There are 4 protein chains.
Amino acid sequence: MTTRPVADRQASTTMSFKARQREARTALILQAAHDELIAKGYRDVAMDEIAAQVGISKGTLYLHFASKEALVVRLLEQEIAQFLGLIDQIMSQEMTVRARLERILLETYRGIRNGQQFLLALRSIGGNKGDIWDRLEKQLPATELTGRFTRLFAEGKQSGELDATIPTAIMVALFFSLMQMYAEQQLTESQPLLPEAFAAVVNRVLFQGLAAPPPSAR
Amino acid sequence: MTTRPVADRQASTTMSFKARQREARTALILQAAHDELIAKGYRDVAMDEIAAQVGISKGTLYLHFASKEALVVRLLEQEIAQFLGLIDQIMSQEMTVRARLERILLETYRGIRNGQQFLLALRSIGGNKGDIWDRLEKQLPATELTGRFTRLFAEGKQSGELDATIPTAIMVALFFSLMQMYAEQQLTESQPLLPEAFAAVVNRVLFQGLAAPPPSAR
Amino acid sequence: MTTRPVADRQASTTMSFKARQREARTALILQAAHDELIAKGYRDVAMDEIAAQVGISKGTLYLHFASKEALVVRLLEQEIAQFLGLIDQIMSQEMTVRARLERILLETYRGIRNGQQFLLALRSIGGNKGDIWDRLEKQLPATELTGRFTRLFAEGKQSGELDATIPTAIMVALFFSLMQMYAEQQLTESQPLLPEAFAAVVNRVLFQGLAAPPPSAR
Amino acid sequence: MTTRPVADRQASTTMSFKARQREARTALILQAAHDELIAKGYRDVAMDEIAAQVGISKGTLYLHFASKEALVVRLLEQEIAQFLGLIDQIMSQEMTVRARLERILLETYRGIRNGQQFLLALRSIGGNKGDIWDRLEKQLPATELTGRFTRLFAEGKQSGELDATIPTAIMVALFFSLMQMYAEQQLTESQPLLPEAFAAVVNRVLFQGLAAPPPSAR
DNA sequence: AATGAATGAGCTTTCATTCAT
DNA sequence: GATGAATGAAAGCTCATTCAT
């Protein structure tokens with residue numbers, strides 16, 4: 001398990017000691033749930049296990065989250081928010097579209113490396129557990145992840161950086177695919193590559209393809 | 001549910017009526033299990049549901065498969081075999097490496113479109129359920145999916161078709177990622193693209209990248 | 001499995017070929033059921049197993065016996081009848097009571113050795129399976145096993161052979177206990193004794209006890 | 001159901017109220033399981049029934065015992081331990097071998113009368129249910145019940161109390177048989193005898209046999 | 001606030017019995 | 001007569017959730 005900070009929902013100065021302590025425990029629970037979830041998937045993680053890992057009783061979990069589902073939804077909300085923060089910060093920088101996309105890919109890989117595998121977690125939850133997705137889908141449109149990338153790619157086309165003949169929607173889908181790729185690599189490979197190395201190659205292929213450069217370009 | 005043929009295990013002429021009927025039902029079960037599995041994942045599919053969907057009783061399932069796990073393993077074996085058959089057939093054709101890769105991608109997308117989403121199925125099974133993977137892993141090495149692609153990409157590098165500076169392992173991982181991509185698209189998008197259209201774009205990007213061609217190339 | 005004749009319910013000459021063949025199969029089923037029952041007990045023997053051992057289908061079993069319970073009841077009836085026949089034959093012989101008891105013990109042990117462990121089978125059936133015992137208890141009084149022995153022991157007391165101060169009921173119970181003893185021995189010991197050797201010792205103890213004979217008797 | 005004390009695992013003063021309450025319930029479960037087991041045998045006792053008899057839900061059973069098998073093993077361990085304690089205490093007394101054997105028989109009968117029918121319980125478990133016996137057999141050798149009796153009978157032979165011409169192994173088997181006898185009596189007879197009366201007669205027969213004493217002895 | 005005992009619905013699996021062929 | 005596919009009623013076990021303490 002890797003160490004990673006969990007964003008406080010409130011600035012700690014505005015809270016009493018008790019409240020802060022409570023938040024801290026909530027964070028611990030989310031952390032434990034996260035790890036177990038990645039490892040086993042939604043159905044195979046028991047509330048007991050999460051409680052045990054945090055060192056509290058099962059009953060106490062329910063003082064922090066109304067249900068297993070609520071716990072997971074909160075976890076995903078949090079990771080989505082975190083991810084969006086990252087994306088927005090990069091997207092608003094003054095750089096070429098390509099540079100920003102490359103940066104996003106690299107930072108995504110770094111996040112995955114540090115355990116913020118929210119994209120992977122999504123898969124691990126298992127097919128539906130219907131209500132979870134229902135709940136999240138009501139919130140995700142608000143986040144408009146797809147919209148942000150659509151605008152970025154459109155900007156790239158406009159500026160002449162990107163091939164305007166390729167549908168934007170496919171570009172977005174493809175980019176999402178490449179973002180997930182590293183998570184898979186981490187799980188599958190015994191000696192996973194570092195984010196930087198992986199991102200370098202993927203970025204190169206993304207913009208220039210696998211084809212060997214023509215002789216004149218050498 | 002999409003229509004798709006299920007490979008008979010025996011030529012139908014060599015079997016009695018009863019036997020053929022039995023095989024037909026086995027196929028129906030596999031089909032139903034497949035659909036439910038994709039939709040909900042291993043843990044969230046109850047044997048009851050599969051039985052109900054086929055229109056038989058729960059007990060009858062166990063006349064065809066010794067356990068839930070056996071049912072799923074059989075399903076995966078079948079889909080893996082199907083997929084490998086496709087891959088091998090294409091790989092052995094007399095074409096450039098690039099042409100073969102493009103073909104594989106196209107046919108994979110077609111398969112996905114027809115419901116042979118084995119790659120997706122793999123994910124849908126859910127985190128661990130250890131034994132399934134243990135059983136399959138004893139068989140998968142024999143199939144050596146990765147090995148085949150590694151050799152194909154190596155051949156491409158040797159022939160000068162592919163960029164020799166890109167590590168083969170990453171090429172393989174990237175290609176797998178793109179194969180899965182379409183499955184995701186099918187699940188996510190309300191108006192999914194046709195395999196041909198999707199493959200055309202992905203292949204283009206894969207070999208030339210997203211970057212707009214240089215002015216001289218216009 | 002040991003070979004042993006099964007008493008035909010009808011003289012074979014009075015039956016058609018078909019009928020005789022049917023009886024033969026019934027006997028085979030009883031035999032198989034007997035063996036399995038001894039080995040595993042009532043609840044752990046599946047109708048499938050019995051059918052498989054006879055080499056017929058499960059459905060066919062039900063052409064011979066209305067239910068699993070009926071099968072077992074019949075088996076027990078048969079073994080009880082067999083056992084009673086043996087007892088009666090010995091009891092009616094012109095011998096001292098002691099000689100007859102010794103003979104019964106010996107022949108019981110021989111029967112156990114040959115697999116007619118009905119007494120043991122009784123236990124193996126498992127506590128109740130209620131209806132079985134209910135059914136048998138309606139028939140056993142008619143057989144009056146206890147009554148026969150009670151009369152025999154009483155005769156022994158009268159004739160001065162047996163100690164009249166010992167209650168007959170306890171003598172009977174004790175004798176039953178010793179009859180079962182050999183069955184236990186067969187199951188427990190890795191190198192079980194032969195019926196003759198075992199009977200010799202048990203008979204000796206039964207009538208003279210374990211105490212060393214007084215010096216004058218040596 | 002008969003009243004009988006269940007050995008506390010811990011002195012009650014060393015436990016909190018909760019813990020004691022828990023132990024009490026565990027004891028209740030064991031008690032109920034014991035009774036059902038004797039009455040119906042292992043396979044015919046459902047966890048539901050035990051739970052119902054205790055007045056708790058099925059799930060609660062599993063808070064006390066990991067499985068049905070574990071419950072039964074525990075029950076047997078407990079009764080074996082109890083029985084062995086009794087045996088050892090008597091065997092170490094300064095008495096003739098005969099007196100000690102008589103005492104053991106009497107106390108065994110008393111135990112049976114009070115419901116500690118472990119020997120009977122053993123039989124009632126039913127044919128195999130392999131694992132239970134496997135587990136216990138790993139522990140029983142340590143208890144070495146047979147060994148203890150073998151030594152005691154050998155001592156009796158040496159001292160001249162017992163007939164040295166009778167094989168010790170058979171003496172032991174016979175003695176076990178007589179120990180079980182009373183349990184059977186309790187189950188079978190409508191008006192079972194008291195342990196003392198029964199033991200008196202059995203002991204008499206065991207050492208002097210059924211034969212009427214010779215005239216000179218009168 | 002925290003606990004953990006208790007619950008009960010739900011899951012996989014088995015098997016005696018039935019019945020169309 | 002014989003078959004074996006089909007059934008459905010349990011059984012053992014798990015786990016999210018509740019609640020008295």
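Just so it is clear: chains get the letters A, B, ... in the order the sequence lines come, proteins before strands, and each one is counted from 1. These figures come from a predicted structure and were not determined experimentally.
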Participant: So what does the secondary structure string of DNA chain F come out as, 5' to 3', with Watson-Crick or wobble pairs under 3.5 angstrom, [ ] for crossing and | for pairs with another strand?
Facilitator: .||||||||||||||||||||
Participant: Does any non-hydrogen side-chain atom of B:Ile50 lie less than 4.5 Å from one of B:Leu71?
Facilitator: yes
Participant: Rounded to whole angstrom units, what separation is found between the NZ atom of C:Lys18 and the C1' atom of F:dG1?
Facilitator: 7 Å
Participant: Report the distance from atom CD of B:Glu23 to atom P of F:dA5, rounded to the nearest whole Å.
Facilitator: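 So the CD-P distance, B:Glu23 to F:dA5, works out to 11 Å.
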Participant: Is the cationic atom of D:Lys68 (NZ for Lys, CZ for Arg) positioned less than 6.0 Å from the six-membered ring centroid of D:Tyr42 and within 45 degrees of its normal?
Facilitator: yes
Participant: Determine whether D:Gln53 and D:Leu28 make a side-chain contact, defined as any pair of heavy atoms from C-beta on separated by less than 4.5 Å.
Facilitator: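 When only atoms from C-beta onward are counted, D:Leu28 and D:Gln53 do not touch, as no gap falls below 4.5 Å.
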Participant: Taking for each residue the nucleotide of DNA chain E bearing the nearest heavy atom, is the 5' side occupied by D:Ile56 or by B:Glu49?
Facilitator: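 Nearest-nucleotide comparison on DNA chain E picks D:Ile56.
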Participant: Is the distance from OP1 or OP2 of E:dA5 to the nearest side-chain N or O of D:Thr60 less than 4.0 Å?
Facilitator: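 False: D:Thr60 side-chain N/O out of range (4.0 Å or more) of E:dA5 OP1/OP2.
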Participant: Rounded to the Å, how far apart are C:Arg20 CZ and F:dG1 C1'?
Facilitator: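 C:Arg20 atom CZ is separated from F:dG1 atom C1' by 18 Å.
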Participant: Look at the side-chain N and O atoms of D:Ser57 and state whether any lies under 4.0 Å from the OP1 or OP2 oxygen of E:dT7.
Facilitator: yes
Participant: Closest-nucleotide mapping onto DNA chain F: is B:Gly59 or A:Val45 further toward the 5' terminus? I mean the 5' end.
Facilitator: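 Counting from the 5' end, the first nearest nucleotide belongs to B:Gly59.
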Participant: Would you kindly compare B:Asp48 and D:Leu63 by the position of their nearest DNA chain E nucleotide and give the one closer to the 5′ end?
Facilitator: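 In this pair, the answer is D:Leu63.
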Participant: Choose from F:dA16, E:dT13, F:dC13 the nucleotide whose nearest atom is closest to any side-chain atom of D:Lys68.
Facilitator: F:dC13
Participant: Quick check on E:dA2: is either OP1 or OP2 less than 4.0 Å from any side-chain nitrogen or oxygen of A:Arg25?
Facilitator: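 Answer yes for this pair, as a side-chain N or O of A:Arg25 is under 4.0 Å from OP1 or OP2.
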Participant: For E:dA5, does OP1 or OP2 lie under 4.0 Å from any side-chain N or O of D:His64?
Facilitator: no
Participant: Ignoring hydrogens, what is the shortest heavy-atom contact between D:Val54 and D:Ala32? Give both atom names and the distance.
Facilitator: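 Nearest pair, atom of D:Val54 first, then D:Ala32: CG2-CB, 3.6 Å.
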Participant: C:Arg43 CZ to F:dA11 C1': how many Å, rounded?
Facilitator: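 Computing the C:Arg43:CZ to F:dA11:C1' distance gives 9 Å.
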Participant: Starting at CZ of C:Phe65 and ending at P of F:dA2, how long is that distance when rounded to a whole Å?
Facilitator: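 Checked: the CZ to P distance equals 14 Å.
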Participant: Pair C:Leu30, C:His64 - check side-chain contact (heavy atoms from CB on, under 4.5 Å), show working.
Facilitator: CA-CA 10 Å; C:Leu30 285 169; C:His64 291 260; over 6 Å; no
Participant: Please tell me if the side chains of C:Arg74 and C:Glu77 come closer than 4.5 Å, counting only heavy atoms from C-beta onward.
Facilitator: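 When only atoms from C-beta onward are counted, C:Glu77 and C:Arg74 do touch, with a gap below 4.5 Å.
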Participant: For C:Arg22 and F:dG1, is the shortest distance between a side-chain N/O and OP1 or OP2 below 4.0 Å?
Facilitator: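 Checking F:dG1 against C:Arg22, a side-chain N or O does come within under 4.0 Å of OP1 or OP2.
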Participant: Let me know the distance between CD of C:Gln21 and P of F:dG1, rounded to the nearest Å.
Facilitator: 10 Å
Participant: Does any donor-acceptor pair link the side chain of A:Lys58 with the base of F:dT17 at a separation under 3.5 Å?
Facilitator: yes
Participant: D:Met47 has a side chain; which of F:dG12, F:dA16, F:dT7 sits nearest to it?
Facilitator: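 Of all the options, the side chain of D:Met47 is nearest to F:dG12.
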Participant: Measuring only between side-chain heavy atoms, which start at C-beta, is D:Ile56 closer than 4.5 Å to D:Ile29?
Facilitator: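 A side-chain contact exists here, since the closest heavy-atom pair is under 4.5 Å.
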Participant: In whole angstrom, what separates A:Tyr62's OH from E:dA1's P?
Facilitator: 17 Å
Participant: Over how many whole Å does the gap from C:Leu61 atom CG to F:dA2 atom C1' extend?
Facilitator: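 That distance rounds to 12 Å.
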Participant: Is C:Phe65 close to C:Thr26 at the side-chain level, that is, under 4.5 Å between some pair of heavy atoms?
Facilitator: yes
